[in-house]
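Computed from a predicted model, the values in this text were never measured in an experiment. Every number for a ligand or one of its atoms is a count from 1 in the order of the listing.
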Amino acid sequence: MLVVLTGGTGGAKLIEGLAAEIDPSELTIICNTGDDAIFHGLYVSPDIDTITYTLAGLSDSEKGWGIRGDTFTALEQLRRLGNDTWFNLGDKDLATHITRTKLLNEGLKLSAVTEHLRRQLRVRSRILPMSDQRIETRVKTPEGELSFQEFFVKQRWAPEVISVRFPGAEQAQPAPGVLDAIGNAQAIIVCPSNPITSIGPILAVPGIRAALEQTGAPVVGVSPMIGATAISGPAHKLMVAAGFDASVVGVAKCYREFLDTLLIAGEDCASAARIEALGVAPVASDIRMATQADKLRLAGEVLALVKK
Ligand code: GDP
């Protein structure tokens with residue numbers, strides 16, 4: 001059994017490759033829920049949805065979110081009715097959020113709802129939220145504190161970032177199955193996800209970091225950074241705000257206590273000695289996943305490393 005830690009877009013690309021290279025039922029995916037938010041009264045879990053849609057073959061890989069070919073009729077009507085519609089929600093996507101919200105209102109935990117949704121969509125990998133409790137990533141900017149979606153989508157990650165915090169994390173527990181999955185894993189893969197706002201919230205749930213530090217299984221990561229910038233999105237900006245270098249060395253520092261191997265871009269070879277000095281073995285590769293072939297190749301390389 002392989003355990004994968006992930007956010008949304010970057011993680012989904014690698015997971016698509018992994019699920020094609022091995023039996024998908026051998027994957028347990030632990031997902032960030034710090035980006036979850038309520039829109040129009042509906043509970044939206046963007047990273048869980050991106051991973052579920054990807055594994056169901058439904059994802060819109062061009063946009064990196066949502067369902068391929070989805071329409072936005074309901075959102076347009078919501079806008080006409082005076083609602084704030086800066087967060088895009090497609091018509092089919094809304095069906096997911098309506099179902100999730102209904103089941104949560106009936107008393108099911110997020111983990112049980114996630115399990116129900118993935119089974120309905122015939123996804124064979126197990127998808128676990130990091131926690132059943134609400135942990136909300138908050139981004140402090142000079143104009144005040146924003147939720148992750150307000151920062152990322154509404155403000156297009158333009159504001160200066162002072163700091164990031166995860167209220168609720170200290171009192172939270174890992175969702176059922178998370179610690180067992182890590183404890184029993186043959187290998188653990190840290191996706192090329194944002195180290196601060198995708199993997200950071202997962203590590204902030206009490207017990208998860210310790211379980212990763214204690215495992216005897218190999219832990220392999222893929223860098224989301226090339227040079228001083230993220231391949232997409234604001235990871236570099238958030239890393240600096242959290243006190244890390246905006247570089248692959250900073251990524252290695254985020255994970256050094258539990259990471260054995262880090263796949264880095266060929267362009268970052270000059271950083272290899274600094275990564276090694278942190279106790280992490282760097283392996284240079286082409287870490288960009290622009291095509292399906294890239295996803296399969298990189299997933300194959302990660303699997304070869306964990307099987308070593
Ligand atoms: P989010 O919830 O959408 O932010 O999901 P992630 O954290 O999983 O994805 C964002 C991260 O993926 C960013 O830090 C990107 O740099 C990284 N990323 C996006 N595309 C690629 C890619 O093709 N290769 C690698 N290595 N990283 C990528």
Side-chain angles (χ1 to χ4, degrees), residues 4-18 29-37 44-55 59-66 87-88 127 129-130 135-137 139 147-153 156-157 161 164 166 189-203 220-242 244 246-248 250-252 254-255 261-268 282-299 301-302:
V4 184
L5 308 187
T6 190
T9 47
K13 291 190 199 175
L14 184 66
I15 288 169
E16 192 177 342
L18 291 169
I29 298 156
I30 301 174
C31 256
N32 171 43
T33 58
D35 304 358
D36 292 9
V44 180
S45 194
D47 289 355
I48 287 178
D49 291 338
T50 297
I51 300 304
T52 307
Y53 295 157
T54 297
L55 289 172
S59 65
D60 187 324
S61 51
E62 269 180 29
K63 286 208 291 270
W65 53 268
F87 193 83
N88 283 305
I127 302 174
M130 62 191 197
I135 299 166
E136 197 193 352
T137 299
V139 181
S147 72
F148 183 76
Q149 300 303 346
E150 285 167 333
F151 169 73
F152 185 65
V153 180
R156 294 169 203 269
W157 55 278
V161 180
V164 177
F166 310 114
I189 296 166
V190 183
C191 280
S193 292
N194 188 319
I196 307 303
T197 54
S198 289
I199 305 298
I202 301 177
L203 299 176
V220 175
V222 178
S223 173
M225 301 278 299
I226 301 181
T229 49
I231 292 174
S232 66
H236 46 287
K237 208 167 170 175
L238 294 160
M239 287 176 75
V240 170
F244 294 95
S247 72
V248 72
V251 175
C254 288
Y255 305 144
T261 308
L262 182 61
L263 272 155
I264 67 171
E267 294 95 313
D268 283 326
V283 174
S285 180
D286 180 359
I287 61 167
R288 285 187 191 82
M289 292 173 281
T291 64
Q292 188 65 15
D294 292 336
K295 295 173 194 170
L296 296 176
R297 175 194 44 78
L298 194 58
E301 288 177 30
V302 169

**Q** Let me check something: any side-chain donor-acceptor pairs from residues 231-239 under 3.5 Å, sequence neighbours excluded? List them with distances.
**A**
unit_1, atom_1, unit_2, atom_2, d
His236, ND1, Ala230, N, 3.1
Lys237, NZ, Trp157, O, 2.8
Lys237, NZ, Ala158, O, 2.9
Lys237, NZ, Pro159, O, 3.0

**Q** State which residues pass side chain to side chain donor-acceptor pair (under 3.5 Å) with Asn32; sequence neighbours excluded, sorted by chain then number.
**A** Asp35, Asp47

**Q** As a test of reading the model: which residues have a non-hydrogen atom less than 4.0 Å away from ligand 1?
**A** Gly7, Gly8, Thr9, Gly10, Gly11, Lys13, Asp35, Asp47, Pro192, Ser193, Asn194, Ser198, Val222, Ser223, Pro224, Ala230, Ile231, Ser232, Ala235, Ile287, Arg288, Met289

**Q** Please list, chain by chain and in numerical order, all residues satisfying side chain to side chain donor-acceptor pair (under 3.5 Å) with Asp60, sequence neighbours excluded.
**A** Lys63

**Q** Under a 3.5 Å distance rule, please check whether Glu150 uses its side chain to pair with a backbone N or O of Ser147 as donor and acceptor.
**A**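 At least one qualifying donor-acceptor pair exists.
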
**Q** Which one of Val248, Val220, Ile287, Asp268 satisfies the side chain to side chain contact (heavy atoms under 4.5 Å, CB included) criterion with Leu262?
**A** Val248

**Q** Test your reading of the model: is there a side-chain donor-acceptor pair from Ser247 to the backbone of Gly250, 3.5 Å cut-off?
**A**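 Yes.
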
